[in-house]
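Working notes, structure below.
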Amino acid sequence: MSKLNVYNTLTNKTEEFEPQNSPEVRMYVCGPTVYDDCHVGHARAYVSFDVIRRFLEYEGYRVKYVQNFTDIDDKTINRAKEEAVPFREIAERYTRRYFDVMDAIGVQRADLYPTVSGHVEEVIDHVQGLIEAGMAYQVEGDVYYRVKEFANYGCLSGQDIEEMLEGERVEPSAKKESPLDFALWKRSPEDEPGWESPWGRGRPGWHIECSVMGRTHLGDTIDIHGGGQDLIFPHHENEIAQTEGLTGSQFVKYWLHNGFVTIDDDKMSKSLGNFYTLEELYEQFSPAVIRYFILTRQYRNPIDFSFGRIEEAGRAYTRLKKFFVRLKRAEAKSCGPVKVQSDLPDNSEFREKFLAAMRADFNTARALGEISSWMKQWNETLESWRDRKQINRREQEAVTEARHLLDKFTSKVLGLELVDTSEAGSNNEEDLIELLIELRSQARENGDYERADEIRERLRGLGYELHDSSEGTRWELKNG
RNA sequence: GGAGGCGUAGCCAAGUCCGGUCAGGCAAGGGCCUGCAAAGCCCUCAUACGUCGGUUCAAAUCCGACCGCCUCCUCCA
């Protein structure tokens with residue numbers, strides 16, 4: 001396993017990645033609150049961590065990947081009230097939709113998807129433990145974390161307790177000992193979901209779930225904990241306090257946070273109304289194109305979203321897919337004793353450069369750049385073979401290697417499929433298109449270009465593009 | 001106010017930790033191919049790094065000051 005560098009929010013530094021129990025990696029990513037549809041921001045987060053997970057596995061780590069669903073929270077409860085249905089119905093609906101859109105964009109399933117409602121018992125135990133340790137206190141059915149008891153509070157976000165107390169934004173509460181204290185357990189009103197506990201009927205606070213589920217499924221110390229940058233404070237800060245306040249050992253070794261999606265350089269958010277759900281976007285762009293777009297930026301940097309940018313990414317992605325097809329076609333050329341002293345592209349060099357980019361904090365932008373440079377070399381080579389019917393053994397081996405490399409890095413590591421669009425469609429459909437192409441070819445042979453062009457145009461109108469070449473006419477689906 | 005980050009060619013974007021050879025993409029122009037197209041491929045395209053100083057043989061990269069922008073400190077990926 002080669003040296004892998006990751007940027008750790010905890011230290012604000014790039015560090016060498018060394019899991020506690022290599023090659024095992026315990027990874028936890030904060031999942032969505034399932035009360036509404038996913039938007040581009042979610043895609044950015046989960047695609048980023050999906051690639052990180054994929055790359056770690058490529059490097060030989062055995063990753064245990066856990067991602068929660070927050071199913072009990074003000075938002076799911078309110079939504080349930082609005083629709084007058086049980087909260088579980090809301091949670092189930094949006095969990096299903098989450099999977100629909102994330103599966104489509106190539107996010108591999110986590111090993112485990114725990115929910116808060118499935119861990120209430122563990123939450124109660126954890127909170128009880130904190131109370132016994134003097135780190136928490138009960139007030140009228142609520143339980144709060146006593147922030148001043150945790151010396152390291154602020155270590156992740158760089159916040160200083162004193163300064164936060166001076167801040168105007170911290171609202172004092174009559175119940176809390178200190179305005180910084182946060183709820184571990186909340187008393188439930190009669191008409192809201194609740195569980196019996198030593199403090200009466202209530203439900204878990206927001207932050208506690210990740211501490212409990214992380215610990216339950218991955219142990220006291222997690223290797224990687226991920227999430228959006230907005231979660232650094234207070235969510236992740238509180239997770240550290242809650243967990244370490246009880247266990248006394250380091251909760252997370254590497255904190256990784258993805259950057260935001262902005263729209264016209266503004267933060268995308270519900271309050272601004274400038275967001276797109278993935279479902280909406282999929283009507284206009286293929287999920288793979290959106291994934292490609294996301295990967296054109298290193299995951300920690302903000303990425304500005306616009307339809308024009310997505311289209312741009314789509315063009316670059318199409319080029320990549322066509323390159324893959326061209327490699328396959330070249331590979332299919334027969335092998336013969338051709339004596340050609342061609343300089344073949346350096347596959348090994350490319351391989352190392354790609355890996356180096358990924359090892360530099362999962363720099364997918366750079367990795368895609370490396371693919372492009374190498375693709376350019378191959379295109380020149382393939383172009384020079386255009387009129388040759390045969391290629392020699394050495395050349396064929398190089399093409400095969402190139403095809404394998406591209407497939408492995410693009411589909412397996414980056415999660416971008418390289419399907420041959422000309423192979424899409426049902427057999428019946430293919431036969432029909434072939435028939436039309438044949439008719440058009442006859443027209444062309446007879447010099448009836450008017451008719452030939454009409455067929456081409458009408459097929460284009462139906463979403464099929466024809467490409468004439470010396471080897472005949474090929475077709476493919478548009479926007480594949 | 002506190003914390004984190006950003007400012008690179010028409011646009012997007014790597015590189016900045018470990019100073020020295022201008023990744024890559026998109027757009028644009030030219031060419032090859034083609035009945036014409038489309039697609040594809042090739043070539044051209046930038047002596048670019050917010051500003052001002054400093055260190056150095058050498059700075060996008062290090063140091064200092066300043067300007068502009070974003071995020072977090074409140075639910076948020």
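Every chain is numbered from 1 and lettered A, B, ... according to where its sequence line falls, protein lines coming before strand lines.
Counting to the nearest Å, the C1' atom of rC72(B) and the NE2 atom of H257(A) are 11 Å from each other. The interatomic distance linking W475(A) (CH2) with rG40(B) (C1') rounds to 18 Å, in whole Å. One atom, CZ of F305(A), and another, P of rC11(B), lie 21 Å apart when rounded to the nearest Å. Going from atom CD1 of I232(A) over to atom P of rC73(B) covers 10 Å, rounded to whole Å. With rounding to whole Å, I263(A) atom CD1 is found 21 Å from rC69(B) atom P.
Y145(A) is not listed as a side-chain neighbour of I208(A), based on a closest heavy-atom distance of 4.5 Å or more.
The side chain of Q159(A) has rG2(B) as its nearest neighbour among rA14(B), rC26(B), rG2(B). Among rC41(B), rA77(B), rC36(B), the nucleotide with an atom closest to any side-chain atom of E383(A) is rC41(B).
Here the separation of rG35(B) from rC26(B), taken at their C1' atoms, is 32 Å to the nearest Å. Between rC22(B) and rC69(B), the two C1' atoms lie 26 Å apart (nearest whole Å).
Look at R326(A) and you'll find a side-chain N or O under 4.0 angstrom from OP1 or OP2 of rC41(B). For the pair H42(A) and rA77(B), the criterion of a side-chain N or O lying under 4.0 Å from OP1 or OP2 is met. Side-chain N/O atoms of R315(A) include none lying less than 4.0 angstrom from OP1 or OP2 on rC26(B). Between Y35(A) and rC75(B) there is no side-chain N or O to OP1 or OP2 distance below 4.0 Å. Here N363(A) reaches the OP1 or OP2 of rG15(B): one of its side-chain N or O atoms lies under 4.0 Å away. Contact between the side-chain N/O atoms of R319(A) and the OP1/OP2 oxygens of rC41(B) is found at a separation under 4.0 Å.
Judged by distance alone, the side chain of N68(A) and the main-chain N or O of G31(A) form a donor-acceptor pair under 3.5 Å.
For Y449(A) and rG35(B), the ring-to-base geometry satisfies the stacking test (centroid distance below 5.5 Å, interplanar angle below 30°).
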